[in-house]
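Read the structure below first, then the notes.
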Amino acid sequence: MPDAVTRLAERLSELAGAPVELERPNDPVHGEYATNVALQLAPTRKRPPRELAEEIAVAAAGLDDVERAEVAGPGFVNLWLAPAWFEQALAEMLEAGKDYGAGWAEQRERVQVEMVSANPTGPITVASARNGAIGDCVARLLAFAGHEVEREYYYNDSGTQMTLFRESVEAIRRGEEPPENGYRGEYVAELAGEEGDPVPKMLAQVEATLERFRIRFDSWALQSKLEGRVGEFLPKLDTYEKDGAVWARSSAYGDDDDRVLIRSPEKGGTPTYRAVDVVYLADKLERGFNRAIYVLGADHHGTRNWYAAVARMLGYDPERIEVLLYQLVHLTRGGAQARMSKRRGEVVFLDELMDEIGVDASRWYLANRGPDQTIEIDVDLAAERTEKNPVYYVQYAHARIAGILRNAGAAEISAAAPADVAPEERDLIKRLAEFPDVVLEATERRGPHGVPNYAIRVADDFHRFYHHHRVLESDAQAFRLGLCTATQAVIARCLDLVGVEAPDRM
RNA sequence: GCGCCUGUAGCUCAGUGGAAGAGCAGCGGCCUUCUAAGCCGCCGGUCGGAGGUUCGAAUCCUCCCAGGCGCACCA
């Protein structure tokens with residue numbers, strides 16, 4: 001079921017005899033919607049764009065949904081919509097309810113999103129949290145589109161890092177310094193103070209932190225379980241021996257270099273992590289996922305081509321493997337910057353961030369920027385529970401609506417539009433009409449930040465509407481209650497897609 | 001040296017071919033009315049630079065400048 005904007009565009013396409021795309025002009029003088037189709041058509045039809053625009057405008061003005069159509073500039077057609085359009089758009093939103101904008105995927109896929117995947121040698125850091133925020137939001141978007149999504153956490157339970165971690169804890173228990181390159185810090189001392197293997201404890205803490213961050217994993221993959229199958233996959237790869245080691249000829253499959261799979265005897269003759277990568281990648285696809293998404297920090301960008309090469313070597317369609325990269329996170333506080341870097345030891349943990357600014361703000365600020373952007377979070381601003389903070393601005397709009405609907409009791413809710421739809425009502429409905437497009441784009445581009453940014457616009461339009469018009473006991477009460485209901489559903493959905501709560505009271 | 005990412009208002013950032021935006025910061029207004037965590041107004045930009053493609057470029061192409069991150073028989 002196409003949304004109201006798409007449907008209008010389709011009708012205009014028939015009139016123009018070519019695909020029409022509608023956009024919302026920034027300047028209200030340019031109409032409620034506008035199209036540049038005449039400009040696009042002018043060269044092929046060998047006619048002046050304004051002349052074409054004129055014809056399209058006249059035809060468009062004849063539609064029930066169109067109140068007025070004007071030609072402007074070099075050949076834009078600017079449209080103003082009739083109450084009938086707003087009524088139908090709102091009716092569709094109300095009918096769809098919570099599912100408004102959902103289920104657009106044409107083919108249902110089984111998708112795995114592997115995220116965070118930090119070795120449990122310490123608490124989850126803010127950098128890993130961004131990984132989780134992006135991965136989880138993408139997973140929510142895919143599920144909302146209609147796909148079957150599973151979240152997986154992969155960690156190396158058998159490598160040198162885990163050994164070093166255990167040795168560090170042991171050393172402290174003996175009253176010694178941790179080994180060079182070992183692990184230090186308060187959490188290591190705490191683990192040393194307890195009995196037994198620190199790894200399961202650390203793992204439980206990691207899981208608890210992520211649950212608090214509202215990420216729930218469907219499965220946990222262990223490197224030790226995959227290592228045993230390396231021998232099974234070696235013959236399926238394009239390999240050769242050099243300097244006593246076994247190499248993958250990955251450069252012939254799109255990678256930048258060939259890679260060592262099995263170390264030379266002097267180095268122990270053991271499989272490298274890349275050999276396990278091969279097993280894991282195959283394992284994902286063997287488990288029946290149509291698509292496997294890796295969420296990786298930008299410092300791993302070099303592995304993107306590697307994964308594609310592995311897929312090709314194994315005969316899989318590389319399109320089934322996606323690597324989502326995201327840039328670093330910096331925290332600031334009153335101008336003084338704290339760098340997020342394990343190496344410099346200035347680690348900031350996700351739990352500390354959530355303690356300080358709350359779970360909602362943490363989710364919001366880690367998801368509201370494009371993955372390609374290095375982001376900076378001002379902890380002081382993010383901790384403010386005021387209008388300065390967009391997350392509360394959006395939540396407040398939701399809570400306000402909830403208040404109105406509470407007061408409305410069982411009053412009638414209707415999409416039936418009055419003869420005069422006010423500018424603030426028109427803007428709000430047009431905004432809500434964008435929602436299906438917003439989720440679609442955020443999903444396909446794997447850019448969840450489009451959702452919170454859009455939610456701010458919705459809250460904007462709602463607050464403006466609220467300020468200018470009374471809902472209860474107004475002439476248009478049923479219509480405005482309908483508008484409130486649809487707005488609440490969209491805001492709630494946006495917040496849910498970001499992993500933020502939608503409170504009924506604030 | 002090579003590769004990836006980034007450069008848009010004082011700051012943090014949206015905007016992937018159509019008529020430059022938001023939040024914060026700064027200045028000024030609005031609470032006997034469904035939540036003032038709200039609304040309204042002002043200030044502020046040669047979209048890093050130079051070429052190119054196009055009727056049209058912040059957006060696409062090339063080069064340059066600046067910053068970040070990578071270029072292991074570590075993970």
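Side chains are part of it too, since the values below use all heavy atoms of this structure and drop only hydrogens, waters and symmetry mates. Lettering of chains follows the sequences in order, A, B, ..., and the numbering in each one begins at 1.
- Distance noted for atom P between B/rG48 and B/rG10: 13 Å (whole Å).
- Nucleotide B/rG1 is matched to B/rC71 when pairs are restricted to Watson-Crick or G-U wobble geometry with both distances under 3.5 angstrom.
- A/Arg470 comes within contact range of at least one nucleobase, with a heavy-atom separation under 4.0 Å.
- With a cut-off of 3.5 Å on both Watson-Crick or G-U wobble distances, the partner of B/rC34 is given as none.
- At the heavy-atom level, A/Glu473 lies nowhere under 4.0 Å from the strands shown.
- Base orientation of B/rC31: syn, the glycosidic angle falling within 90° of 0.
- When the P atom of B/rA22 is taken as reference, atom CZ of A/Arg464 falls 10 Å away, rounded to whole Å.
- Taking the six-membered ring where tryptophan is involved, the planes of A/Tyr280 and A/Tyr294 are perpendicular, since the angle between them exceeds 60° and thus also 30°.
- Between A/Phe462 and A/Tyr466, the angle of the ring planes lies from 30° to 60°, which puts this pair in the tilted group.
- Using cut-offs of 30° and 60° on the angle between ring planes, the pair A/Trp220 and A/Tyr155 is perpendicular.
- Ion pairing between A/Asp427 and A/Arg464 fails under the 4.0 Å rule for side-chain N and carboxylate O.
- At a threshold of 4.0 angstrom between heavy atoms, the contacts of A/Asp504 include nucleobase atoms, whether or not backbone atoms are also involved.
- Between A/Tyr155 and B/rA75 there is no side-chain N or O to OP1 or OP2 distance below 4.0 Å.
- The pair A/Arg24-A/Glu32 fails the salt-bridge criterion, with no side-chain N (NZ, NE, NH1 or NH2) lying under 4.0 Å from an Asp/Glu carboxylate O.
- Per the geometry, CG belonging to A/Leu261 stands 11 Å off P belonging to B/rC73, to the nearest Å.
- Put simply, A/Gln40 has no side-chain N or O that comes within less than 4.0 Å of OP1 or OP2 on B/rG56.
- Out of B/rA36, B/rA37, B/rC34, the shortest distance to the side chain of A/Asn407 is found at B/rC34.
- To the nearest angstrom, P of B/rA75 lies 15 Å from CG of A/Leu296.
- No N or O donor and acceptor, one from the side chain of A/His300 and one from the base of B/rG70, sit under 3.5 Å apart.
- A/Arg505 comes within 4.0 angstrom of a base, heavy atoms only.
- Nucleotides B/rG23 and B/rU59 have their P atoms positioned 25 Å apart, rounded to a whole Å.
- At the heavy-atom level, A/His463 lies under 4.0 Å from the strands shown only through sugar-phosphate atoms.
- Counting non-hydrogen atoms under 4.0 angstrom, A/His398 reaches nothing in the nucleic acid.
- At a threshold of 4.5 Å between non-hydrogen side-chain atoms, the residues A/Thr332 and A/Val379 do not count as touching.
- Residue A/Ile375 is classed as a sugar-phosphate contact, given heavy-atom separations below 4.0 Å to backbone atoms only.
- Looking at A/Tyr273, its side chain comes within 3.5 Å of the base of B/rA75 through a donor and an acceptor atom.
- B/rC61 and B/rU53: their C1' atoms are spaced 7 Å apart (whole Å).
- When rounded to the nearest whole Å, the span between CG of A/Asp243 and P of B/rA72 equals 15 Å.
- Pair assignment for B/rG26: B/rC42, on the basis of Watson-Crick or G-U wobble contacts that are both within less than 3.5 Å.
- Closest to the side chain of A/Leu328, from the set B/rC34, B/rG68, B/rA37, is B/rG68.
- Counting only heavy atoms from C-beta on, A/Val260 has its side chain closest to B/rC73 among B/rC73, B/rU35, B/rC69.
- Electrostatic pairing of A/Asp277 and A/Arg274 does not count as a salt bridge here, judged by no charged N lying under 4.0 Å from a carboxylate O.
- Between A/Tyr153 and A/Phe217, the angle of the ring planes goes over 60°, which puts this pair in the perpendicular group of the 30/60° scheme.
- Atom P of B/rC43 sits at a distance of 41 Å from the matching atom of B/rC63, rounded to the whole Å.
- Remark: B/rA66 base-pairs with B/rU6; criterion is Watson-Crick or G-U wobble with both hydrogen-bond distances under 3.5 Å.
- Between B/rC5, B/rC73, B/rA22, one nucleotide has an atom nearer to the side chain of A/Ile456 than all others, and that is B/rA22.
- Nucleotides B/rA37 and B/rA14 have their P atoms positioned 29 Å apart, rounded to a whole Å.
- For the residue pair A/Arg259 and A/Ser250, no side-chain donor N or O sits within less than 3.5 Å of a side-chain acceptor on the partner.
- Here the P atom of nucleotide B/rC69 and the CG atom of A/Asp299 are 10 Å apart, to the nearest Å.
- Distances were taken from every side-chain heavy atom of A/His467 (C-beta onward) to each of B/rC39, B/rU35, B/rC74; the shortest belongs to B/rC39.
- The residue among A/Asn156 and A/Val471 whose nearest nucleotide of RNA chain B lies closer to the 5′ end is A/Val471.
- Taking atom CD of residue A/Glu376 and atom P of nucleotide B/rA14, one finds them 12 Å apart after rounding to whole Å.
- A/Asn305 has no side-chain polar atom (N or O) that falls below the 4.0 Å cut-off from OP1 or OP2 of B/rC4.
- Looking at the side chain of A/Tyr466, the nearest of the listed nucleotides B/rA19, B/rA36, B/rC74 is B/rA36.
- Distance CG (A/Asp255) to C1' (B/rG3): 12 Å, rounded to an integer number of Å.
- Residue contacts shown for A/Gly370 are limited to sugar-phosphate atoms, with no base heavy atom under 4.0 Å away.
- Across all strands shown, nothing is found opposite B/rA19 as a Watson-Crick or G-U wobble partner with both distances under 3.5 Å.
- Across the C1' atoms, B/rA22 and B/rC47 are found 15 Å apart, a figure rounded to whole Å.
- Nucleotide B/rU59 has no partner under the Watson-Crick or G-U criteria, as no pair reaches both atom distances under 3.5 Å.
- Residue contacts shown for A/His449 are limited to sugar-phosphate atoms, with no base heavy atom under 4.0 Å away.
- Across all strands, A/Asp372 comes closer than 4.0 Å only to sugar-phosphate atoms, never to a base (heavy-atom distances).
- No side-chain heavy atom of A/Asp461 sits less than 4.5 Å from a side-chain heavy atom of A/Glu424.
- As judged by a 4.0 angstrom heavy-atom cut-off over every strand, A/Ser264 is placed among the base-contacting residues.
- Listed candidates were B/rA19, B/rC55, B/rU35. Nearest to the side chain of A/Leu39 is B/rC55.
- Look at OH on A/Tyr33: it is 17 Å from C1' on B/rA19, rounded to the nearest Å.
- Side-chain N/O atoms of A/Arg445 include one lying less than 4.0 angstrom from OP1 or OP2 on B/rU16.
- Remark on RNA chain B: of its neighbouring residues A/Arg259 and A/Ala72, the 5'-side contact belongs to A/Ala72, judged by nearest-heavy-atom nucleotide.
- Going from the C1' atom of B/rC60 to that of B/rU16 covers 9 Å, rounded to whole Å.
- Distance check on atom C1': B/rC31 versus B/rA25 gives 25 Å, rounded to whole Å.
- At a threshold of 4.0 angstrom between heavy atoms, the contacts of A/Asn368 with the nucleic acid are absent.
- A/Tyr393 comes within 4.0 angstrom of the backbone, heavy atoms only, and of no base.
- Nucleic acid contact class of A/Asn78 (heavy atoms, under 4.0 Å, all strands): base.
- Between A/Lys388 and B/rA25 there is a side-chain polar atom (N or O) within less than 4.0 angstrom of OP1 or OP2.
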